[in-house]
Each structure stands twice: as C-alpha cells, then as structure tokens.
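Data block below; observations after.
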Number of protein chains: 2
Amino acid sequence: MKNLKLKAARAAMDMSQQVLADKTGVSRQTINAIEKGDYNPTIKLCTAICKVLGKTLDELFWE
Amino acid sequence: MKNLKLKAARAAMDMSQQVLADKTGVSRQTINAIEKGDYNPTIKLCTAICKVLGKTLDELFWE
DNA sequence: AGTTAATGTCAATTATATTTTACATTTTAT
DNA sequence: ATAAAATGTAAAATATAATTGACATTAACT
C-alpha cells in the first residue's frame, strides 16, 4: 500500500525525494520505496521524516 | 533511551513481554530490547504493538 | 524456603532494511 | 523540441533488525 500521505506532505512543502533523503540522512531510493509502499522503514527514520515535514507519526504512518 | 511509555502501557494491560511478543508475532527478546531502548524497530512492528495495547504511534513512539 | 513466572542479557545466526550504482521514464521548464 | 530535473525501478552489497537458544536474576506465590 502506497503512502500517499507522505507523498502529499512532501509535495506540500515543495520538496524533492532527493532533498528529503538528504535531510533525513538516507538514500533517495529509500524515500521512493517508502512512498511506493512496498516496505517497512524503521521508527527512527519515520520520526526523522515526520520532523522534516512538520507532521507526527500518526499523521503520516498510521492507517 | 528506554521506552517507558511502552512498558507502562503493557503493565496497564497486565500483559507479559512474552504474551505481547506472541500477539505481535515477534520474539520476547525483541520486545525486551525495544523497552530497554537500545534499538530501532520497524514501523510495522510498532504499529502492531500499538494495536495490541490500544494506543497510537504518537502515544507510544513519539518523543 | 522453595517453586514458578517474568525479566534482563549475551553470542551466534537469519531475515530484511538500506546503500550503491545504474538506467529508463516522466515532469518541468526553457 | 530539447534539456534538465525528478521519479520509478532493479540487482548486488552492506548494515542492522529480529530470531534462537541459553543462562542468570528478580518478582510473585504457596
């Protein structure tokens, strides 16, 4: 299942996958894969993404 | 950093680490390690733990 | 005291998240 | 129409989450 909430939050900040990757300290492919939804990031990375995008875990990663 | 919120939520349900491990499909050592705090579980496991304990990600895994 | 359930912890192995390199496709802008 | 940036995707390698088995300690109970 795609993570459209993440994709939308990133779009709302006008931030590319590459920039989000740099700010969270992971590769662009990792961000892409999380948005694509076919895997399972660590809570630490989810938290880092939330902080960069100004959202909480519940807002981006709760179903 | 220990996860005392998780430990407290489990205690509030009077549930052992072993039972929580069984209900979330991981080993007891994994639950113990998460409570001890010296690592970084996947979002999928965090979500499973939250559902068993009737809490949200923000309540148990947001700092 | 003695017994049992629960917890803390460690070493070795397995499963999988993440990286790296690379290329194709799509969007955005000129 | 063309170039550049952004995205989608894949295979191989690396880092680390999670398992297994084992043992010691602590808490709860009779």
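In what follows, chains are A, B, ... by sequence order, proteins preceding strands, each numbered from 1.
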Where do B:C46 and B:P41 come nearest, in terms of heavy atoms and distance?
SG-CG, 3.6 Å
Going through the checks in order, is the side chain to side chain contact (heavy atoms under 4.5 Å, CB included) test met by A:T56 and A:L60?
CA-CA 6 Å; A:T56 71; A:L60 295 189; over 6 Å; no
Salt bridge (Lys or Arg N to Asp or Glu O under 4.0 Å) partners of residues 7-28 of chain B, not counting sequence neighbours, each pair once
B:R10-B:E35
Are A:L6 and B:W62 linked, directly or through other ILVMFWY residues, by side chains that come within less than 4.5 angstrom of each other?
yes
For DNA chain C, which residues in residues 46-63 of chain A have a heavy atom at a distance below 4.0 Å?
none
What pairs with B:K44 under salt bridge (Lys or Arg N to Asp or Glu O under 4.0 Å), at least two apart in sequence or on another chain?
none
Under a 4.0 Å heavy-atom criterion, the protein footprint on nucleotides 25-30 of chain D, written with B, S and -, is ------
Any chain of hydrophobic side-chain contacts (each under 4.5 Å) joining A:V26 to A:Y39?
no
Any B:N32 side-chain N or O less than 4.0 Å from OP1/OP2 of C:dG8
yes
Test log, rule side chain to side chain contact (heavy atoms under 4.5 Å, CB included), inputs A:T42 and B:I43:
CA-CA 5 Å; A:T42 60; B:I43 187 74; over 6 Å; no
Carboxylate-amine/guanidinium contact B:E63 A:K51, below 4.0 Å:
yes
Contact between A:F61 and A:I34 at the side-chain level, heavy atoms closer than 4.5 Å - yes or no?
yes
Which letter, B, S or -, goes with each nucleotide of nucleotides 14-30 of chain C from 5' to 3', with contact meaning a protein heavy atom under 4.0 Å?
---SBBBBB--------
May I ask you to test the A:T24-A:L45 pair for a side-chain heavy-atom distance under 4.5 Å?
yes
What parts of residues 1-23 of chain A reach DNA chain D, counting only heavy atoms under 4.0 Å away?
A:K7, A:R10, A:S16, A:Q17
Would a single hydrophobic cluster contain both B:V52 and B:L4, if residues Ile, Leu, Val, Met, Phe, Trp and Tyr are joined by side-chain heavy-atom contacts under 4.5 Å?
no
Do A:Q18 and A:L20 have side chains that get closer than 4.5 Å, going by heavy atoms?
no
